[in-house]
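First up is the structure itself, then whatever we jot down about it.
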There are 2 protein chains.
Amino acid sequence: MLIRTPADLGAVIRDRRKRLKLDQSTLAKQIGVSRQWVIDIEHGHPRAELALVLRALDALGIPLDADDQQMTSRRSARSAIDINAIVAKAKKSRT
Amino acid sequence: MLIRTPADLGAVIRDRRKRLKLDQSTLAKQIGVSRQWVIDIEHGHPRAELALVLRALDALGIPLDADDQQMTSRRSARSAIDINAIVAKAKKSRT
DNA sequence: TTCAAATGTCAGCGATCGCTGACATTACCA
DNA sequence: TGGTAATGTCAGCGATCGCTGACATTTGAA
């Protein structure tokens, strides 16, 4: 599943936990966090700590893949010339 | 690339930023954070906020995929029976 | 080399983290 | 229906967030 928001992440974690038949306390122990943390994450807490999130995914056996290597930036045309970058720099130097 | 640690994440972000020929200030503005935040993230800051991280990846056009649906948990056998879950619950109820 | 841009470091600030522990609510089985 | 497990909520605490602004260092082009 594509993760774009903390809520997406929470849903993935909760689904996976249930599939593994774990309760929140047990999962919390495996990750090394409090049960409160698991509750918050599953509810889409937006300010959770990156490292804890990664540990949770690891504990649940959920690989996280970032599609680097990709040629186009968000909603840009597939061009060898980086219009976005050029415009960005132009804007910036207009001080 | 597979993301397992905050440092992995930082590397992906930095590589992508450079590929897009953006400097840290410009990227920070696009994400809506301070330049300091970009510096910290690229250095693998482990306690960064989840939502900001997701916004950064989005701004850079890096899709994040979580492999849910997968049948086996980390380092477990491929079995319909959830040994891990059973053991976990057994341990827990031994109070 | 010289100079400017890019990057990195620091300190101080208000806001929020994740934790604990207790309690409330919901789900589910006998 | 009763009772237990699972889940959710709350408050208070020390620690750390991300921000700003100034300054130091590194990088790269002329």
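Just so you know, these numbers come straight off a predicted model, no measurement behind them. Chain A is the first sequence line, chain B the second, and so forth, proteins listed ahead of strands; every chain is numbered from 1.
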OG1 (A:Thr26) and CG (A:Leu20) are apart, to the nearest 0.5 Å, by 11.5 Å
Whole angstroms only, please: what is the CZ-C1' distance between A:Arg17 and D:dA5? 13 Å
From A:Leu54 CG over to B:Leu9 CG, what is the distance, rounded to the nearest 0.5 angstrom? 6.5 Å
Within the sub-3.5 Å range, which N or O atoms of nucleotides 15-23 of chain C have a protein N or O partner, and how far apart are they?
from: C:dC17; atom 1: OP1; to: A:His45; atom 2: NE2; distance (Å): 3.0
from: C:dG18; atom 1: OP1; to: A:Trp37; atom 2: NE1; distance (Å): 3.3
from: C:dG18; atom 1: OP1; to: A:Glu49; atom 2: N; distance (Å): 2.7
from: C:dG18; atom 1: OP2; to: A:His45; atom 2: NE2; distance (Å): 3.2
from: C:dC19; atom 1: OP1; to: A:Ser34; atom 2: N; distance (Å): 3.1
from: C:dC19; atom 1: OP2; to: A:Ser34; atom 2: N; distance (Å): 3.0
from: C:dC19; atom 1: OP2; to: A:Ser34; atom 2: OG; distance (Å): 2.4
from: C:dC19; atom 1: O5'; to: A:Ser34; atom 2: OG; distance (Å): 3.4

Using the C1' atoms of five pairs at each end, what's the angle between the two axes of the helix from C:dT1-D:dA30 to C:dA30-D:dT1, to 10 degrees? 60°
Starting at CG of B:Leu27 and ending at C1' of C:dT7, how long is that distance when rounded to a whole Å? 14 Å
Answer yes or no: is there a donor N or O on one side and an acceptor on the other, between the side chain of B:Arg16 and the main chain of B:Leu60, under 3.5 Å? yes
Sequence neighbours left out, what passes side chain to side chain donor-acceptor pair (under 3.5 Å) with B:Arg14? Give chain and number order. B:Glu42
Whether A:Arg14 contacts D:dA6 is assessed here as follows: a side-chain N or O lying under 4.0 Å from the phosphate OP1 or OP2. Is that the case? no
Distance, rounded to the nearest Å, where B:Ile13 contributes CD1 and C:dT7 contributes P: 14 Å
Sub-3.5 Å donor-acceptor pair from the side chain of A:Asp8 to the main-chain atoms of A:Thr5, do we have one? yes
From CD of A:Gln24 across to C1' of C:dT25 the rounded distance in Å is 13 Å
Tell me, please, which residues at least two apart from B:Asp68 pass side chain to side chain donor-acceptor pair (under 3.5 Å). none
Looking at every heavy atom in both A:Arg55 and A:Gly32, which two are closest together, and how far apart are they? NH2-O, 3.3 Å
Under the side-chain contact (heavy atoms from CB on, under 4.5 Å) test, residues paired with B:Ala66 that sit two or more places apart: A:Ile3, A:Val12, A:Ile62, A:Leu64
Please name all residues satisfying salt bridge (charged side-chain N to carboxylate O under 4.0 Å, His left out) with B:Arg47, sequence neighbours left out, ordered by chain then number. A:Glu49
Round to the nearest Å and state the distance from A:Ile41 atom CD1 to D:dT9 atom C1'. 18 Å
Tell me the interatomic distance from A:Ile39, atom CD1, to D:dA5, atom C1', rounded to whole angstroms. 14 Å
Integer-rounded Å distance: D:dT4 P and A:Asp23 CG: 17 Å
